[in-house]
There are 4 protein chains.
Amino acid sequence: MKYATGIETKKRIVDAAFKLMAHRGFDALSIDDIMKSIGRTKGSFYVHFNSKEELLYEIMETRLDRGYNQLADEILEELSREPCQVRPLLEKITKEVYSSLGENRLTWTSAFYHLLIHSRKNEVVQTWLKSNAEQWSSLLNHVVEKGQETGQIRTDVDAQVITNMMMGIVMGYDILYMIDRPVNDEEVNLIHDWMFV
Amino acid sequence: MKYATGIETKKRIVDAAFKLMAHRGFDALSIDDIMKSIGRTKGSFYVHFNSKEELLYEIMETRLDRGYNQLADEILEELSREPCQVRPLLEKITKEVYSSLGENRLTWTSAFYHLLIHSRKNEVVQTWLKSNAEQWSSLLNHVVEKGQETGQIRTDVDAQVITNMMMGIVMGYDILYMIDRPVNDEEVNLIHDWMFV
Amino acid sequence: MKYATGIETKKRIVDAAFKLMAHRGFDALSIDDIMKSIGRTKGSFYVHFNSKEELLYEIMETRLDRGYNQLADEILEELSREPCQVRPLLEKITKEVYSSLGENRLTWTSAFYHLLIHSRKNEVVQTWLKSNAEQWSSLLNHVVEKGQETGQIRTDVDAQVITNMMMGIVMGYDILYMIDRPVNDEEVNLIHDWMFV
Amino acid sequence: MKYATGIETKKRIVDAAFKLMAHRGFDALSIDDIMKSIGRTKGSFYVHFNSKEELLYEIMETRLDRGYNQLADEILEELSREPCQVRPLLEKITKEVYSSLGENRLTWTSAFYHLLIHSRKNEVVQTWLKSNAEQWSSLLNHVVEKGQETGQIRTDVDAQVITNMMMGIVMGYDILYMIDRPVNDEEVNLIHDWMFV
DNA sequence: CATGAATGAGAGTTCATTCAT
DNA sequence: AATGAATGAACTCTCATTCAT
């Protein structure tokens, strides 16, 4: 029997915290700042969360999972159709991931790597990140295997190796992006050219 | 002579801080902890540094530059010899970078990404990181160009693109390493296979 | 009729608060905890009480007065009968006081001493406690005087002195009980032996 | 290599806290108040203690142990002399305990009972209190036994029972004292009269 | 050079209380 | 009568920094 304003406030807290976290990291973000930024007082933070840590988990689950659940459903469905072109699917996963988040790429990337760093001291976050990576990896692997089965992707390299390479490259490009050395999409295409026969 | 112990202490502070930073990040690291870990009290920290920020810059400059200065000299020298095999040089840069640091890979990587994250709120760090990336990129680029000139590396792809790709991959694999999904060296070889004719 | 649940709720608040107070003291007891323990939310506390302090007074009056009003009536009535045996009356007052409360001794004692401590910073409580002690003292004194008049209790000691002694002993044994050094009833009998001729 | 001012400040913190605790109890006593009352800021509290709890233990050990260690030595020594009058020894233990503390009785008693209440939620305090009571009980018991051996104290009652009774009475009178119903020393003499042959 | 005492700002958290619904 | 959102003051504790010794 929650009140609408409560749900709304909670959402605004998560949004504000997500943005602040991208800028300064989770530890450097104070509850006072979050609440001030949405025009509330810090006491009321605890109406919506039991602790600051709980807020982190909420951010993780609602803002940082790269929307795999929805994306995975779409991809897997398209994968089951015949004939199936896998290259656009892969590009969807690797290149369009940020746009599908409805989020500024730098904000998202920055928040994500803040989380990665934070995972070193928080087991829950560590577990979540690992499982998140596994989901992504598994999804990519499905697509690559399908590509190999249908003769679209080279078969002289193991599917899992290709998958790892793609994940590594996407993450690496995220990092370069943060260091202000963005890599253009054409470069990513070259990797794809190498993969596809 | 009379300052010998002082210089020694300063070095020990940097070393201790570097290791603690890899674990917990720079913000979460207290001066008290650093000094306790080397058997001194926090008051004397300010004998060696004017502020905590100054310590960060010292760490950056002495422990986190991937040893490019030394590495660059060696590489450039070998590059000027004839004949010159570039593949081992590239592997040296990408694969052996951590061993040349005399440092545990996870410690170094972790510290580096803590710094990366920190750069979002500190312009000095941001500038340093960018210039650091540029040095590395420039070094790699020299090697790739030499490889193309001597017919060892494919020329249908721009040297800068190959360089970016390699940097991205190395960084991406670092990240996977931190998420506990290490990538074996064989996989990196495949990327090299693609590059080399 | 329509307020039946309201009155019921108020009673349940007092009961729950009494038990929590015995465990943790009045200050350490939060309205949230009390209301949660009876399945209500803290907002509705203020339907029944104007403040937390008011709740304390309600507890004092309904749960902590050792039931003297009822007890006193019984004792005084029995005291007016002839012949009257005073020893069982005294034992009733001193030894059976807890059972007559329908309450666990440790709970009651603990709550009472929490209140005693609280009295140092609350004048209302202080006054109440003093008046409570006076009532008890007065009741005991009546019995002792009757005992002296009828030759059952030694007369070489002033009635008030005997009364004080008994009160002190009962309270002292409460304290020992709380420190986990319970005193058995036989010991109390010895005090009585000393009093009675 | 502590500084004199540090030791002095720590002592002043304990003194101030002891007095505030007597008035308001340990939980209601804020570090801010303590430090303000001695003209220091609350940040410096943690130079001397690691936590508020540690302060409680310091108070317990330095201000609340009724000085039994010193008292016990004196009593036991006098007990070994021949001939030995035990009545003054008992009176010393029961009546002069507060004066030997160099402390206002109400302050001491109040602080002690605050501690007793606090013991319900703190095992360290509980253990300490019990052991404290045991020491006191043991000391009293020695004196009573000596009194019985030398024919000064009645032997128709077990020594331990007499000990318990005395402890209970002293504690009970403390309580009456707090409720503002002080018991005069003459009354305590009557208890002694009963004991001594 | 090193120490330990002191500072003051700010952190996360709790809680009695108010109030629109 | 009951709810849950919001407030604001108070709490314990942390920490970069300063300074007399």
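Letters A, B, ... mirror the listed sequences (proteins, then strands); counts begin at 1.
Rounded to a whole Å, the CZ atom of A:Phe45 is 13 Å from the P atom of F:dA6. For D:Ile31 and E:dG10, the CD1 to P distance is 20 Å, given to the nearest whole Å. Spacing between atom CD of D:Glu8 and atom P of E:dA6 amounts to 10 Å, rounded to whole angstrom units. For A:Ile7 and F:dT3, the CD1 to C1' distance is 14 Å, given to the nearest whole Å. One interatomic measurement links the two molecules: NZ of C:Lys36 to C1' of F:dT3, which rounds to 14 Å at whole-angstrom precision. Spacing between atom CG of D:Leu55 and atom P of F:dC13 amounts to 10 Å, rounded to whole angstrom units. One atom, CZ of A:Phe49, and another, P of F:dG4, lie 17 Å apart when rounded to the nearest Å.
With a cut-off of 3.5 Å on both Watson-Crick or G-U wobble distances, the partner of E:dT7 is given as F:dA16. Across the strands present, E:dG12 finds its partner in F:dC11; the criterion is a Watson-Crick or G-U wobble pair with both atom distances under 3.5 angstrom.
Positionally, the nearest nucleotide of DNA chain F for C:Gly39 lies more toward the 5' end than for the other of C:Gly39 and D:Glu53. Both B:Phe26 and D:Asp33 lie close to DNA chain F; mapped to their nearest nucleotides by heavy-atom distance, the more 5′-ward contact belongs to D:Asp33.
At a threshold of 4.0 angstrom between heavy atoms, the contacts of B:Leu29 are confined to the sugar-phosphate backbone, with no base atom among them. Nucleic acid contact for C:Tyr46: base, since at least one base atom lies under 4.0 Å from a heavy atom of the residue. Across all strands, C:Ile34 comes closer than 4.0 Å to no nucleic acid atom at all (heavy-atom distances). Looking at heavy-atom distances under 4.0 Å, D:Gly6 makes contact with sugar-phosphate atoms alone, never a base.
For the OP1/OP2 pair of E:dA2 and a distance below 4.0 Å, the side-chain nitrogens and oxygens of B:Thr41 include no atom meeting the criterion. OP1 or OP2 of E:dG4 has not a single side-chain nitrogen or oxygen of D:His48 nearer than 4.0 Å. Distances shown here put a side-chain N or O of A:Ser44 below 4.0 Å from the OP1 or OP2 atom of F:dT7. Note on B:Thr9: a side-chain N or O is less than 4.0 Å away from OP1 or OP2 of E:dA2. Within the structure, every side-chain polar atom (N or O) of C:Ser30 is placed at least 4.0 Å from both OP1 and OP2 of E:dT14.
Among the nucleotides F:dC13, E:dT3, F:dA10, the one closest to any side-chain atom of D:Tyr3 is E:dT3.
Using modelled atom types, one finds a donor on one side chain and an acceptor on the other under 3.5 Å when comparing A:Glu53 with A:Tyr57.
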